[in-house]
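Step one of this worksheet: look at the structure below.
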Amino acid sequence: MLIIANWKAYIESPAKAKALFAGATRLASKGDHEIVIAPAAPYIGMFTGAKSLVRLGAQDVSCSTGGAATGEIAAGLLASLGVSYVLVGHSERRALGETDEMVTEKVQHVLAHGMTPVVCIGERERDTDAQYLTVVRRQIGSVMSALSPKERLALIIAYEPVWAIGKTDADAITPPDLAEMVLYIRKILSDYIPGRANAKVPVIYGGSAEPGNARSLGSGTGIEGFLVGHASADALTFAALVKAVS
Ligand code: PGA
């Protein structure tokens, strides 16, 4: 599986970051999973060139291409640090005003620098008349319709229902509901990627993935990995989660 640790802004000490990364390196060396660490931007450079099977991720990227853009972190900067994966459109960014158009622009910058965008999508709430399905369709469609057929195969979809983020395993989505959403996401993808090729786009899940629910969410639901927030900020908890899906 692909397991992406989104440290958010939880880790505020270089020593703790190094210890967590060392733990992730041990997990990655078992070879069962692809482990990605997405530190906050100021810490990414700490791990450039590290002798580790852990791949580097970033939590966001700028819409700008660099140059006169004070404070922005352009895709070229991330690529120069050895970043492989970039989260785009995380709900905590969308909540600050990031639009579908900005998400699309960011995805294009990430692809242009040879990195893999992890496009985060997900509804804020589950309404009874199924408007949440429309939200998910719109979020995927706005990105996919702007990409070339080849680019459409170069990204990852992270389904993260906002109502399930930052809670506990009891509040996460249930395996049957997740399986249903993955089927729906695959159906949307097939509108943009004809034939069986849409299976090449991994769909992963995020939203209170914890050691207690990772196994049940990871088997039989069609997901190919996890985007892990709070459970990745503690070495023992993260190791337990990785073990649970092994
Ligand atoms: P969580 O966060 O695991 O803390 O719910 C997931 C995410 O927001 O990526």
Side-chain angles (χ1 to χ4, degrees), residues 1-12 16-17 20 23-24 27 33-41 43-44 54-61 83-98 103 106-107 110 116-126 132 135-136 139-140 155-175 177-178 181-182 185 202-218 221 223-245:
M1 286 204 142
L2 172 67
I3 303 177
I4 305 179
N6 175 11
W7 285 357
K8 305 195 179 188
Y10 287 123
I11 314 301
E12 292 184 328
K16 176 153 190 210
L20 278 175
L27 295 170
H33 305 289
E34 166 114 325
I35 311 267
V36 179
I37 297 287
Y43 286 3
I44 293 175
V54 171
R55 309 290 292 277
L56 265 181
Q59 298 175 11
D60 189 23
V61 63
V83 166
S84 307
Y85 296 89
V86 182
L87 307 186
V88 183
H90 190 280
S91 61
E92 286 152 15
R93 307 301 316 166
R94 293 185 193 257
L96 294 173
E98 189 162 291
V103 171
K106 290 178 175 195
V107 166
V110 171
T116 302
V118 180
V119 182
C120 303
I121 56 149
E123 74 281 3
R124 301 198 70 75
E125 56 187 10
R126 287 248 159 156
Y132 66 93
V135 172
V136 166
Q139 289 174 333
I140 296 175
L155 49 77
I156 292 169
I157 299 287
Y159 173 59
E160 296 206 296
V162 183
W163 50 266
I165 291 179
K167 308 245 175 80
T168 67
D169 53 5
D171 302 298
I173 198 165
T174 63
D177 283 354
L178 179 56
M181 277 314 287
V182 174
I185 289 165
V203 177
I204 66 175
Y205 170 78
S208 299
E210 293 190 346
N213 62 4
R215 187 189 297 271
S216 60
L217 288 175
T221 54
I223 60 160
E224 286 161 71
F226 288 98
L227 179 51
V228 187
H230 63 273
S232 72
D234 175 79
L236 290 179
T237 309
F238 188 59
L241 186 152
V242 171
K243 196 162 162 237
V245 293

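Order of listing sets the numbers, starting from 1, for every ligand and every atom in it. This one's a predicted model, so the numbers in the text were calculated from it and none came from an experiment.
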Residue [X] vicinity, atoms of ligand 1 by number, heavy atom under 4.0 Å:
X: H90; answer: 7 (C), 8 (O), 9 (O)
X: G207; answer: 5 (O)
X: L227; answer: 9 (O)

For the side chain of [X] and the backbone of [Y], is there at least one donor-acceptor N/O pair under 3.5 Å apart?
X: D60; Y: H90; value: no
X: T221; Y: P175; value: no
X: R94; Y: G89; value: yes

Does some non-hydrogen atom of E210 fall short of 4.0 Å from ligand 1? no

Sub-4.0 Å heavy-atom contact, S208 with ligand 1: yes

Shortest protein contact, [atom] (heavy atom only):
atom: atom 2 (O) of ligand 1; result: K8 NZ, 3.2 Å
atom: atom 7 (C) of ligand 1; result: E160 OE2, 3.0 Å
atom: atom 4 (O) of ligand 1; result: H230 ND1, 2.5 Å

Go through it in stages, so that I can follow the logic: the residues are D171 and T168, the test is side-chain hydrogen bond (donor to acceptor under 3.5 Å, both in side chains), and I'd like the CA-CA distance, side-chain angles, deciding distance and then a yes or no. CA-CA 5 Å; D171 302 298; T168 67; 3.0 Å; yes

With a 6.0 Å cut-off (strictly less than), is the heavy-atom count around CZ of R126, excluding the residue itself, greater than 12? yes

To atom 5 (O) of ligand 1, the nearest of A164, G229, G166, S232 on a heavy-atom basis is G166

Classify the contact between N6 and ligand 1 as side chain, backbone, both or neither, using a heavy-atom distance cut-off of under 4.0 Å.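 The part of N6 near ligand 1 is the side chain, not the backbone.
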
Distance-only criterion, 3.5 Å: show the donor-acceptor pairs between side-chain atoms of residues 229-238 and protein atoms not counting sequence neighbours.
residue : atom : partner : partner atom : Å
H230    : NE2  : K167    : O            : 3.3
H230    : NE2  : E210    : OE2          : 2.6
S232    : OG   : V228    : O            : 3.2
S232    : OG   : G229    : O            : 2.7
D234    : OD2  : L236    : N            : 3.3
D234    : OD2  : T237    : N            : 2.9
D234    : OD2  : T237    : OG1          : 2.7

Q59 versus W7, side-chain donor and acceptor atoms under 3.5 Å: no

